[in-house]
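A short worksheet on the structure shown next.
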Amino acid sequence: MRSHHCNELRDSHIGQTVTLIGWVNSARDHGGVIFIDLRDREGLTQCVFHPEENPEVSALSHTLRDEDVVQVVGRVSRRLAGSENAKIQTGAVEIVATGLTIVNKADVLPFQLDKELSNEDLRMKYRYLDLRRARMSKNIRQRSVITSAARRYLDETGFYEIETPILSNPTPEGARDFLVPSRLNPGRFYALPQAPQQYKQLLMVAGVEKYFQIARCFRDEDLRADRQPEFTQIDIEASFVTQEDIIKLVEGLLVNMFKAGLGIEVAASFPRMTYQDAMDIYGSDKPDTRYAMKITDLGEVFSATEFKIFRSILDGGGVVRAINAKGFATITTGQMNRLNEIAVQAGLPVKNLAFVKYENGEYKSPLWKIFTDVEKAAVITTLDLAEGDIVFFAAGSRESVSTILGRVRTEAAVMMELTKDSTAFNFLWIVDFPLLAHDEETGHWAAVHHPFTRPHPDDMEKLEAGDYA
RNA sequence: GGAGCGGUAGCUCAGUUGGUUAGAGCGCCAGCCUGUCACGUUGGAGGUCGCGGGUUCGAGUCCCGUCCGCUCCGCCA
């Protein structure tokens, strides 16, 4: 029903008669001449209807409304000098319409397609319209391209793509299962997989050696803005490989996916950081390194302090640490309240974060007067405290200080608009995760990442000795 | 399970200390317009202010309840 897509026509097609089919992206009726931008999944082409070209077609074109589905026949023509449109790929040409078929008239739209829309209910209700929007259409295409690149890469590196069951046995650990009642066994249930974990390990035992799956996973837990009950992950398992092999594999995978999806050449090898460094320096096991604002230890600065709170924490084996939010002395009262709230949620035992602000040549701080001159000088040099900066302190156990300052760091960065650059990716490997961590509140040991992990070579001995303590 | 924010026209939102007929932009409908590209222009239609109750001479606005949505913590990797 078409000879070309709406992104195809160029100077070189001038003079040809073509047929396009798609949606009316916008109709501009000038009384005499009428323009429409015709849209299909590939792009836009401007079509012109002249009364003198074909009066009937021109008359019909007056009735066109946005999102009508139409088929246009016409001549590819050079646009009038000065009326080219650089914003679209086909902006050098236009179709002088000689024929018009209205395939389907559109209803009045419940929302406008050329604007960002925050109302997700409405977007879901009219998902078929939401997906017509340029941004969504681009995402759909991009996802397909990225998935395809991942498949190709993993295929070329010797991986089998294998589908594992969706209806499976409930597992007691981990996320809450979605359950599906069994018709043949009343009162019993299937679970939907949280991950293909057990199946892929069975595949390794079975001798498959290299497996992958673009796997749909289900977790019946509460949502977040970036967390849905069902999602897709690229699931990989391999036998007879080292950590180094897996790192190289995944780096190659990401290089290919980013090139295919975004046209970006990312470095072939990513920096690495230990879990402990990540927690100490960034207060997170997934640090955003696009900005610094590193957590700095002040143990030496306050080694001889007589400030009671710091003294007792340091003597008790705790830490005193701080971050410098450079240039954020402009923080508003509302922002400060928000940071305090976050710090309290993260475990700050008092209501307000201790801070030092250096503004207009003056240090402003609730605890500045408590510090000795030597301590002040050390704080200033250690944290590089300069005009316009604000420093936030936290004291306590190493873990709790990391959590508190990590959250404050992340939130302050958002407030300071340091996270807006969506073209910087800063890939980073976090290595040497501990298998378990002790929860101070419950007294339980819990998996830090997940329990399906081979022990570190240094710890193999302990496992063989049966030393599980 | 907990906390915060929100619900006013088809959409996005404004609405002051409680006060006359609840507004704007976009969209929609009609007219005009032969070179626009978010066309322009003139006019018009469109409202159970989420729902229920209360206070008041008077409630979009204050109080109580309730429903729905979003964000975060817990939870989840």
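Reminder, nothing fancy here: chain letters follow the sequence lines and each chain counts from 1. All values derive from a computational prediction rather than experimental measurement.
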With both distances under 3.5 angstrom, what nucleotide forms a Watson-Crick or G-U wobble pair with [N]?
| N | answer |
| --- | --- |
| G47(B) | none |
| U36(B) | none |
| A59(B) | none |
| U71(B) | A3(B) |
| U17(B) | none |
| U41(B) | G31(B) |
| A77(B) | none |

Could you tell me how far [M] sits from [N] if I compare only their [atom1] atoms? Round to whole Å.
| N | M | atom1 | result |
| --- | --- | --- | --- |
| U56(B) | G50(B) | P | 23 Å |
| A14(B) | C63(B) | C1' | 25 Å |
| C62(B) | G6(B) | P | 11 Å |
| U66(B) | C28(B) | P | 42 Å |
| A59(B) | C75(B) | C1' | 41 Å |
| A77(B) | U16(B) | C1' | 49 Å |
| A24(B) | U17(B) | C1' | 23 Å |
| U8(B) | U12(B) | P | 8 Å |

- Message: Angle between ring planes, F427(A) versus F425(A), binned at 30° and 60°: parallel, tilted or perpendicular?
- Response: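 Plane angle under 30°, so parallel.
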Distance in angstrom units between [X] [atom1] and [N] [atom2], rounded:
| X | N | atom1 | atom2 | answer |
| --- | --- | --- | --- | --- |
| E120(A) | U12(B) | CD | P | 12 Å |
| N119(A) | C68(B) | CG | C1' | 12 Å |
| R176(A) | G74(B) | CZ | P | 15 Å |
| E53(A) | G35(B) | CD | P | 17 Å |
| N25(A) | C39(B) | CG | C1' | 14 Å |
| D177(A) | C76(B) | CG | P | 12 Å |
| L223(A) | C70(B) | CG | P | 8 Å |
| F111(A) | C13(B) | CZ | P | 14 Å |

Which nucleotide in [options] has an atom nearest any side-chain atom of [X]:
| X | options | answer |
| --- | --- | --- |
| A225(A) | U71(B), C11(B), U34(B) | U71(B) |
| V108(A) | C39(B), C28(B), G10(B) | C28(B) |
| K115(A) | C37(B), C75(B), A38(B) | A38(B) |
| Q46(A) | U34(B), C37(B), G74(B) | C37(B) |
| R79(A) | G1(B), U36(B), G69(B) | U36(B) |
| E94(A) | G35(B), G10(B), C37(B) | G35(B) |
| Q345(A) | C73(B), A77(B), C39(B) | C73(B) |
| E52(A) | U34(B), G74(B), C11(B) | U34(B) |
| E221(A) | C76(B), U12(B), U34(B) | C76(B) |

Just checking [X]: base, sugar-phosphate only, or nothing, at a heavy-atom cut-off of under 4.0 Å?
| X | value |
| --- | --- |
| D121(A) | sugar-phosphate |
| D285(A) | base |
| R407(A) | sugar-phosphate |
| E341(A) | nothing |
| I88(A) | nothing |
| D29(A) | base |
| L44(A) | nothing |

- Message: I want to confirm an ordering. Mapping D66(A) and G31(A) to their closest nucleotides on RNA chain B, which one lands closer to the 5' end?
- Response: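 The residue mapped nearer the 5' terminus is D66(A).
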- Message: For D222(A) and F433(A), find the nucleotide of RNA chain B closest to each by heavy atoms; which residue's nucleotide sits nearer the 5' end?
- Response: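 This one resolves to D222(A).
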- Query: For the side chain of R227(A) and the base of C75(B), is some donor closer than 3.5 Å to an acceptor across the two?
  - Reply: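 Yes.
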- Query: Taking N and O atoms by type only, does the side chain of R219(A) place a donor or acceptor under 3.5 Å from a partner on the base of C76(B)?
  - Reply: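 Result: no qualifying N/O pair found.
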Donor-acceptor side-chain pairing of [X] and [Y] below 3.5 angstrom:
| X | Y | answer |
| --- | --- | --- |
| T232(A) | R143(A) | yes |
| Q345(A) | E341(A) | no |
| D432(A) | T274(A) | no |

- Using the six-membered ring for Trp and the full ring for Phe, Tyr or His, decide whether F35(A) stacks on the six-membered base ring of U36(B) (centres under 5.5 Å, planes under 30°).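 Yes, the aromatic ring of F35(A) stacks with the base.
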- Within 6.0 Å of CD in Q198(A), more than 12 heavy atoms from elsewhere: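 No - once you tally the heavy atoms of other residues, nucleotides and ligands closer than 6.0 Å, there are 12 at most.
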- Query: Taking it one step at a time, do N139(A) and M136(A) satisfy side-chain contact (heavy atoms from CB on, under 4.5 Å)?
  - Reply: CA-CA 5 Å; N139(A) 286 352; M136(A) 296 305 291; 4.2 Å; yes
- Query: Would you call D130(A) and R127(A) a salt bridge, using N to O less than 4.0 angstrom?
  - Reply: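 Judged by the 4.0 Å cut-off on N to carboxylate O distance, D130(A) and R127(A) do form a salt bridge.
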- State plainly whether the residues R216(A) and E163(A) are in salt-bridge range, i.e. N to O under 4.0 Å.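 Answer for the salt bridge query: no.
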Any [X] side-chain nitrogen or oxygen under 4.0 Å from OP1 or OP2 of [N]:
| X | N | value |
| --- | --- | --- |
| R224(A) | C73(B) | yes |
| N85(A) | U36(B) | no |
| S83(A) | C37(B) | no |
| R65(A) | A30(B) | yes |
| R28(A) | C39(B) | yes |

- Task: Show your reasoning for whether ring pair (Phe, Tyr, Trp, His ring centres under 6.0 Å) applies to H30(A) and F35(A).
- Result: CA-CA 8 Å; H30(A) 288 253; F35(A) 300 95; 5.5 Å; yes
- Whether K200(A) side chain and A195(A) backbone form a donor-acceptor pair below 3.5 Å: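 Answer holds: no.
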